[in-house]
Amino acid sequence: MKRPPFHPVVEQKWQDRWEREHAFRTPDLPDGPRYYCLEMLPYPSGRIHMGHVRNYSIGDVVARFHRRRGSAVMHPIGWDALGLPAENAALANEVHPAEWTKDNIAHMRRQLRRLGLSYDWDREFATCDPEYYRWNQWFFLRMRERGLVYRASRAVNWCPGCETVLANEQVEAGGCWRCESEVESRELPQWFFRITKYADELLDAMEGMTGWPRKVLLLQRNWIGKSEGAEVRFRIPALGDDGEIPVFTTRVDTIHGATALVLAPGHPASARIAEEDGEVRDYIARALAAASAAPGAPAGKTGVRAGVAAVNPFTGEDIPVFVADYVLMDYGTGAVMCVPAHDDRDHEFAVRYDIPIRQVVIPNDPASAAGDGAFTDYGTVVDSGDFSGLPTEEAKEAMARHAAEGGFGGPRTEWRFHDWGVSRQRYWGTPIPMVHCGDCGVVPVPDEDLPVELPRDVEITGKGGAALAKCDAWMRVDCPACGVRARRETDTMDTFVDSSWYFYRYLDPENAEAPFDPERARAWFPIDLYIGGVEHAILHLIYCRFWTRVMRDLGLCDHDEPVVRQLSQGMVIKDGAKMSKSKGNVVDPDAAIEEHGADAIRLYVLFEAPPEKEMDWTDARLQGPARFLKRLERVIPAAASWLPETPLPDEEDVFRGPDLGLRRKTHQTIRRVTHDLGERIHPNTAIAAIMELWNAVLARLPDAGSRSARRAVREAVETVLSLLNPMAPHLTEELWERLGRETPLLDFPWPECDEELAREETVLIVVQVNGKLRGRLQASRGLDRDELVALARENRGVARHLDGLTVSRVVTVPDRLVNFVARKPARG
RNA sequence: GCGGAAGUGGCGGAACUGGCAGACGCGCCGGAUUUAGGAUCCGGUGGGGUGACCCGUGGGGGUUCGAGUCCCCCCUUUCGCACCA
């Protein structure tokens, strides 16, 4: 007979209770130890997916664990509710983005509640709430006052069919995602945050970020891309005053091997040359067309020889000038010195265009000189005037100094990293709080007029330029400076702005005077653990580090880094592929919870793999954790006649044999689980340890008739429930209650390991002969070397393997191992 | 091309600083109970010999009394960046 499933009633019961009692409400200011456990806030796309389930289950384990350990735990959730998908949905279904977002949040909130997550729901907010985004605007104004905001022209993707700007993800194979028109590049004035001002600090601080995955730090380091080298200014005399061409190089030591100067097609000097040179003009037109047709695609490494020469300031020599597509305008100075002998790209170009190759660095190890490509390693400088004979390192320094002294260059640092372009030509974002006045120019909106709210009645067509520009009533505003009729800025902010500081707002979500109370930030920051997917390793996780520094400089907080420990959890995949509607391999969390219960789902995603690894969802495997929970359920009825009345062990009890063994296992498990959850954050091994203990309980249960056996079992059963509680909170609370406990586990202290009990009094000694396992023996703890060796020799297997050999050496590790190093005696 | 990470049973994965390889679970095999089972319980389960022996952590070398773990070379998979001067 199939029994009705246990989980729906039980899970509902506890969830109702937690909600009714605001069980997870967190004090605004902790008194005593605190723990801030944060998970990346979801975008309200409509439904949660398994990636969310995994992310939030891991976070919930950590939050519940620290709560049980006696910390005040900040564990909030909110909604990253602005952004493009809401506008797309508006286009597709004729729903207002605000309505769509609100409905999605309501549904997803219900889904999260069904998982039994320990969020303080009183702190929840959505970033589309004007009371949130007003502070984006406030920060924008403060940053502007500090010179961290500026406006500049930058190319955007422009669809001539829809007459609108497209986000990168709306460009598909060079065409518009809606009308398939060929996308063009168009220059528009945009707003920027001067994040590069903090580049050095963001980079240097990584040294101390020991709680972050190496991988994430590496990604950030590459993204920032600091490159130290030198600038050298070449001259093109034919261009007169415009002929000074700064070049950036990391290998100034090779400058005597520079046999050409190469300019990017977009370089101003290229344009100047083109005025007089039809061939160059044609080439530039072709190159720029190719680049805008396929933005970001690798160019063909073509070029054209210009009819002018440049002067190498180190040698005074004339070298030819080229315009070529392999030189990028947006890195360095848009011009390079071409050193074919010591740079692969220059070499390839030189071979094609017949540029001389002049070697000026020789390898220190002659063996590595072979090959007919460029020699790009460090070595010794030759044929370089006074610098000849210097090793690369010294030559770089000496030559940069020489350039500075000669007034034609000096040391220079370049960054891959650019300022943060925050303008979006979208509706569903934070309006940028600026006003364009015919008389005063661009004027900030005064603080008292914040928030600049999004107009509600807007038509979203996806066509015809910025949606906000069509809201005449909203656009019209009096200039804050002079009072004449002016118009509002129609750009909205990148949604990465919203997510750069939301975790501060959780501390003080109702604050109408300030983004948050600095005292609360001092009390709760930095965040102890921040969990999210690796896909945010660079943008989001750099932006929020930047934002925290800005807030620090504004006096809002007094730490540099917002996050102590970062956990990048692996993706949830199915059948070896990312879950997606198109592949039809999506597992619906609602259906899974319905069938197996939230506890089983949580346990499964936690058990299946360590958090940072990818996890392949396999329905069949869910049976393991689900069965384990069913075995737990059954034990109370099985021992109903005595288990609830049996007390825990006390000092008068004497335990021996299997009962002592069970108690020892109990305390060893406490130690291990505490370490796995607290230090390692590996719930998978914690669960395995708890299962082991449970197997030991089941083994002891059939003949647990004696007083000591029952007490040992009671202790073990309670411990299992207690340790498993952060992972499977509903069932463990229920069974705990049925055991007669009145204080819920939620408020019950985490168990303590009795080290005395956990320690084995006998230890297993492994005995090896020549490194191979030949015997094991049980010995009392703390035997000295001689006793250990004597015991080991007595071992049957060991004795047999030593027979006829001469022992030359014995290696021992106290309480662990004996290894005999033995050889056949030399004959005769 | 450059840079990173990872390769352990049929499968997911364990193994703290070098010291019992394969914990825990899935699957599979055998048995019990059952009208039935995609339920439950018991036992087994790296490979080979099937006697107390040999082989096994992608491949090859090395260091060490001892290597999944450390070093070198190679192979595979995977993720970043992709003319960054």
Side-chain angles (χ1 to χ4, degrees), chain A residues 1-3 213-219 221-223 225-227 229 247-252 254 262 264 296-301 324-328 330-339 342-346 348-349 376 414-417 534-535 537-538 571 603-604 607-610 612-628 630-631 634 672 675-676 679-680 682 684-695 698 764-776 796-797 800-801 807-813 816-822:
Chain A
M1 285 305 94
K2 202 171 172 183
R3 279 179 306 146
R214 298 166 58 93
K215 180 188 168 81
V216 172
L217 294 178
L218 188 74
L219 286 170
R221 196 166 279 126
N222 291 342
W223 179 255
K226 182 177 185 175
S227 174
V247 154
F248 174 71
T249 177
T250 53
R251 290 297 301 275
V252 68
T254 65
V262 188
K301 199 162 283 175
D325 58 6
Y326 82 96
V327 178
L328 308 176
D330 56 3
Y331 182 76
T333 60
V336 301
M337 61 181 201
C338 177
V339 186
H342 304 293
D343 181 279
D344 291 321
R345 299 150 302 180
D346 293 343
E348 190 188 332
F349 187 71
T376 57
E414 272 300 320
W415 306 84
R416 217 191 77 105
F417 190 49
V534 252
E535 63 273 22
I538 18 195
M571 268 201 313
L603 207 57
Y604 170 57
F607 179 67
E608 185 67 358
E612 54 280 357
K613 268 200 75 166
E614 189 171 80
M615 175 206 151
D616 203 332
W617 180 283
T618 312
D619 289 325
R621 287 189 196 287
L622 175 55
Q623 291 309 323
R627 278 203 278 258
F628 171 61
K630 283 186 201 133
R631 279 202 293 275
R634 274 197 300 267
R672 188 168 158 196
H675 185 248
D676 283 349
E679 256 67 54
R680 304 202 319 145
H682 273 200
N684 56 322
T685 49
I687 293 166
I690 296 168
M691 287 174 164
E692 259 189 81
L693 176 56
W694 192 245
N695 290 342
L698 294 183
L764 181 75
I765 307 289
V766 173
V767 187
Q768 301 176 331
V769 176
N770 291 327
K772 292 198 176 188
L773 176 69
R774 296 303 181 192
R776 302 166 222 249
R796 258 173 57 235
R800 196 177 56 247
H801 283 276
V807 174
S808 58
R809 201 181 145 188
V810 184
V811 179
T812 60
V813 180
R816 295 197 86 153
L817 167 136
V818 179
N819 186 15
F820 293 98
V821 183

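Just so it is clear: chains get the letters A, B, ... in the order the sequence lines come, proteins before strands, and each one is counted from 1. None of these values were measured; they are calculated from a predicted model.
Taking syn as a glycosidic angle within 90° of 0, B:G9 qualifies as syn.
Set against B:A14, B:C24, B:C83, the side chain of A:L328 has B:C83 as its closest nucleotide. For A:V336, whose side chain is taken as the heavy atoms from C-beta onward, the closest listed nucleotide among B:C83, B:A85, B:A23 is B:A85. The side chain of A:K301 lies closest to B:C83, out of B:C20, B:A85, B:C83. The A:Y326 side chain lies nearest to B:C83 when the options are B:C83, B:G13, B:A23.
Backbone-only contact: A:L219 has heavy atoms under 4.0 Å from sugar-phosphate atoms and none from a base. Within 4.0 Å (heavy atoms only), A:V247 reaches no atom of the nucleic acid at all. A:I690 comes within 4.0 angstrom of no nucleic acid atom, judged by non-hydrogen atoms across all strands. No engagement by A:D344 is indicated, since no non-hydrogen atom pair under 4.0 Å with the nucleic acid exists.
Annotation: B:G13 and B:G7 have their C1' atoms spaced 14 Å apart (nearest Å). Taking the P atoms as reference points, B:U33 lies 49 Å from B:U69, given to the whole Å. For the P atoms, the distance linking B:G60 with B:C65 amounts to 23 Å, nearest Å. Between the P atoms of B:G30 and B:A23, the separation comes to 22 Å (whole Å).
Taking side-chain N and O atoms only, A:R416 has a distance below 4.0 Å to OP1 or OP2 of B:A82. Applying the 4.0 Å criterion to OP1 and OP2 of B:A85, one finds that A:S227 has a side-chain N or O inside that range. The phosphate of B:C65 has OP1 or OP2 within less than 4.0 Å of a side-chain N or O from A:R809.
For A:E414, the side-chain hydrogen bond (donor to acceptor under 3.5 Å, both in side chains) test picks out A:R412, with sequence neighbours left out. Partners of A:V262 by side chain to side chain contact (heavy atoms under 4.5 Å, CB included), not counting sequence neighbours, listed by chain and number: A:F322, A:A324, A:Y326, A:V327, A:V336, A:C338, A:F349.
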*asked:* Is there a side chain to side chain contact (heavy atoms under 4.5 Å, CB included) between A:F628 and A:N695? Walk through the geometry before answering.
replied: CA-CA 10 Å; A:F628 171 61; A:N695 290 342; over 6 Å; no
*asked:* A:I690 vs A:W694, test: side chain to side chain contact (heavy atoms under 4.5 Å, CB included). Steps then yes/no.
replied: CA-CA 6 Å; A:I690 296 168; A:W694 192 245; 5.5 Å; no
*asked:* Please determine whether side chain to side chain contact (heavy atoms under 4.5 Å, CB included) holds for the pair A:V339 and A:R251, giving the CA-CA distance in whole Å, both sets of side-chain angles, and the decisive distance to 0.1 Å.
replied: CA-CA 9 Å; A:V339 186; A:R251 290 297 301 275; over 6 Å; no
_Can you build the contact string for nucleotides 3-12 of chain B? Use B for base contact, S for sugar-phosphate-only contact, and - for no protein heavy atom under 4.0 Å._
-S------BB
_For a quick check, with a 4.0 angstrom heavy-atom cut-off, what is the B/S/- contact string for nucleotides 40-58 of chain B, read 5' to 3'?_
SS----------BSSS---
Could you list the protein-to-nucleotides 16-19 of chain B atom pairs, N/O on both sides, closer than 3.5 Å?
unit_1 : atom_1 : unit_2 : atom_2 : d
B:C16  : N4     : A:R816 : NH1    : 3.4
B:C16  : N4     : A:R816 : NH2    : 3.2
B:G19  : N2     : A:Q768 : OE1    : 3.0

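Within the 4.5 Å cutoff, side-chain heavy atoms of A:M691 are placed close to those of A:F607.
Consecutive Watson-Crick or G-U pairing (both distances under 3.5 Å) extending over three or more pairs maps onto RNA chain B as B:1-7 with B:75-81, B:10-12 with B:24-26, B:27-32 with B:40-45, B:46-48 with B:53-55, B:58-62 with B:70-74.
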